[in-house]
2 protein chains.
Amino acid sequence: MKTLKIPEATIIRLSVYSRYLTEVDRKGIVTISSGEIAEGVGVSPAQVRKDLAYFGEFGTRGVGYNVKDLRRHILKILGLSVDWSVTLVGLGNLGLALTTYKGFRERGFIITSIFDTDPGKAATKINGVDVMPLERLVEVVKQNRTQIGIITVPAAAAQDIADMMVKAGVQAILNFAPVVLNVPAEIELRNVDLAVNLEVLTFNIGAQRF
Amino acid sequence: MKTLKIPEATIIRLSVYSRYLTEVDRKGIVTISSGEIAEGVGVSPAQVRKDLAYFGEFGTRGVGYNVKDLRRHILKILGLSVDWSVTLVGLGNLGLALTTYKGFRERGFIITSIFDTDPGKAATKINGVDVMPLERLVEVVKQNRTQIGIITVPAAAAQDIADMMVKAGVQAILNFAPVVLNVPAEIELRNVDLAVNLEVLTFNIGAQRF
DNA sequence: GATAGATAGTGATATAATGAACAATAAAAA
DNA sequence: TTTTTATTGTTCATTATATCACTATCTATC
Ligand SMILES: NC(=O)c1ccc[n+]([C@@H]2O[C@H](COP(=O)([O-])OP(=O)(O)OC[C@H]3O[C@@H](n4cnc5c(N)ncnc54)[C@H](O)[C@@H]3O)[C@@H](O)[C@H]2O)c1
Ligand SMILES: NC(=O)c1ccc[n+]([C@@H]2O[C@H](COP(=O)([O-])OP(=O)(O)OC[C@H]3O[C@@H](n4cnc5c(N)ncnc54)[C@H](O)[C@@H]3O)[C@@H](O)[C@H]2O)c1
């Protein structure tokens with residue numbers, strides 16, 4: 001197995017390229033150059049070509065890339081040529097926003113189960129998905145072969161939920177609680193920390209000081 | 001002006017350290033070593049010391065760091081020793097989650113105005129803040145000397161909102177719409193792309209292929 | 001066909017970030 | 001005091017990432 005190390009920054013950019021190509025494709029444009037992609041997403045043309053070069057040769061010299069083809073290739077690379085089953089735990093304000101967000105489904109992320117401890121919530125239905133009590137998490141997630149878990153519970157409860165998700169066999173967790181989670185090495189974990197984003201901004205605003 | 005370049009990764013970690021220190025401080029712990037911080041947030045001890053070294057000497061050799069002091073220093077570095085005025089545009093599902101989130105206020109981010117085109121929404125009040133129509137954005141944001149704008153409108157409207165925010169004098173924008181925005185170089189811009197986060201996960205799950 | 005113009009792919013180079021090692025130094029113990 | 005122990009601050013090496021410059025190759029035109 002060739003284990004060529006791909007920078008995470010490259011993956012993030014690929015995701016952005018693919019979104020941009022979707023937009024370009026909608027306008028009916030057939031061919032695009034690395035320079036035009038670069039322009040559209042705010043990076044250098046060399047960067048675009050380098051990123052793509054990790055995965056093969058998708059363009060034609062002197063011409064550029066076929067928009068539809070390149071888009072399809074990138075989606076394949078990102079693992080988006082198939083649907084993913086996602087569970088969300090914690091149907092608070094943020095959890096509700098995420099479950100009702102159309103953009104996820106468009107990219108193949110299907111929320112197949114929702115859990116919350118609040119008995120009032122664990123009786124409702126969101127987009128045709130029942131909200132269930134925590135006790136059923138392991139069972140249901142196992143049964144659905146759900147691969148991805150989203151955590152939107154208060155920080156204090158997040159580690160417990162992560163443990164349950166791991167027990168239920170998820171392969172990846174997206175955590176919105178502002179806390180450092182411990183999971184086995186084979187589980188992919190990403191933290192989305194919204195406050196941190198604001199703090200990077202405030203640092204940069206005041207960065208003259210250094 | 002000494003323009004020492006600080007890696008963005010350092011800033012993100014500082015934010016995480018400060019949050020961890022808040023937690024440690026609550027437990028009444030007075031002193032902490034770089035190794036303990038590292039353990040708590042999942043990085044290497046050398047990394048912790050390196051990150052801090054950009055800004056000064058905060059520890060005592062042979063002893064470690066005073067928790068309260070270090071926390072205060074980091075908050076100062078991040079620009080969190082003062083409050084920030086924030087405006088949010090687009091009171092949809094995500095916008096509502098963000099405006100009602102307590103964690104921002106705790107770190108000094110005060111949402112001082114909210115705007116939405118929907119006349120039904122532009123009459124309500126969230127946490128004592130009136131929701132106003134877009135027409136008032138420039139005026140109100142200017143008057144409040146608001147420094148930070150959060151964009152949670154549909155992608156198609158995001159660039160317009162960014163332009164208005166710039167016109168109104170914000171210094172930084174946090175954009176949740178999945179689109180690449182153009183703003184003047186002096187404006188700090190960060191994009192939070194939630195779908196990208198899921199896609200990094202799916203890439204990594206399937207990364208055996210490369 | 002041959003030639004010109006455009007643009008992808010790529011190896012070399014530069015820059016940045018991380019990691020490991022260690023000297024400096026403060027506190028505690030002898 | 002002196003010695004030992006702990007742990008920082010910092011240097012140097014390594015690794016990772018981005019940029020640059022060049023070569024290969026395609027299309028269109030003469
Ligand atoms: N709302 C935001 O904009 C925002 C921003 C940044 C971070 N976050 C983080 O996201 C998480 C959720 O935020 P929120 O604003 O939606 O909070 P919320 O209080 O609105 O929602 C939390 C939900 O989790 C449920 N819950 C509590 N304990 C649970 C458990 N053990 N198992 C299952 N469900 C449980 C609650 O019933 C509630 O429905 C928090 O960790 C918060 O810090 C939120
Ligand atoms: N909801 C999520 O979980 C989620 C996740 C990822 C990205 N996003 C992005 O965040 C943005 C908002 O998402 P959402 O789910 O809250 O959408 P939403 O449709 O629930 O809310 C959008 C809000 O913006 C308002 N609006 C529309 N045009 C406007 C304009 N020109 N000026 C001011 N307000 C305007 C609408 O009235 C509505 O209240 C979108 O760009 C979406 O792609 C959302």
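The sequence lines fix the lettering, A, B, ..., with proteins before strands; numbering per chain opens at 1.
Interatomic distance, B:Thr112 OG1 to B:Leu88 CG, rounded to the nearest 0.5 Å: 10.5 Å.
If you take CD of B:Glu36 and P of D:dT8, they are 9 Å apart, rounded to a whole angstrom. One interatomic measurement links the two molecules: CG of B:Asn66 to C1' of C:dA26, which rounds to 15 Å at whole-angstrom precision. The separation between A:Ile32 atom CD1 and D:dC26 atom C1' is 18 Å, rounded to whole Å. The distance between atom CG of B:Leu52 and atom C1' of D:dT10, rounded to the nearest whole Å, is 13 Å. The separation between B:Phe58 atom CZ and C:dT25 atom P is 18 Å, rounded to whole Å. Put simply, CD1 on A:Ile37 is 14 Å from C1' on C:dG9, counting in whole angstrom units. Here the P atom of nucleotide C:dA8 and the CZ atom of A:Arg61 are 10 Å apart, to the nearest Å. Atom pair B:Tyr65:OH and C:dT25:C1' shows a separation of 14 Å (rounding to whole Å applied).
Counted by atom type alone, B:Arg107 and B:Ser18 present one or more donor-acceptor pairs between their side chains at under 3.5 Å.
Between D:dT8 and B:Ser34, a contact under 4.0 Å exists linking OP1 or OP2 to a side-chain N or O.
Residue pairs satisfying the side-chain hydrogen bond (donor to acceptor under 3.5 Å, both in side chains) criterion with at least one member in residues 152-165 of chain A, sequence neighbours excluded, are listed as follows: A:Gln159-A:Asp163.
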Protein-to-nucleotide contact annotation, 5' to 3' order, nucleotides 17-22 of chain D [B base; S sugar-phosphate only; - none; under 4.0 Å, heavy atom]
SSBBB-
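Although no hydrogens or angles enter the test, the distance criterion places no donor-acceptor pair under 3.5 Å between the side chain of A:Asn93 and the main chain of B:Leu96. In this structure, A:Asn204 contributes its side chain and A:Val200 its backbone to a donor-acceptor pair below 3.5 Å.
Each of A:Val63 and A:Ala53 has a nearest nucleotide on DNA chain C; the 5'-most of these lies closest to A:Val63.
Between A:Tyr101 and A:Phe104, the distance separating the two ring centers is shorter than 6.0 angstrom.
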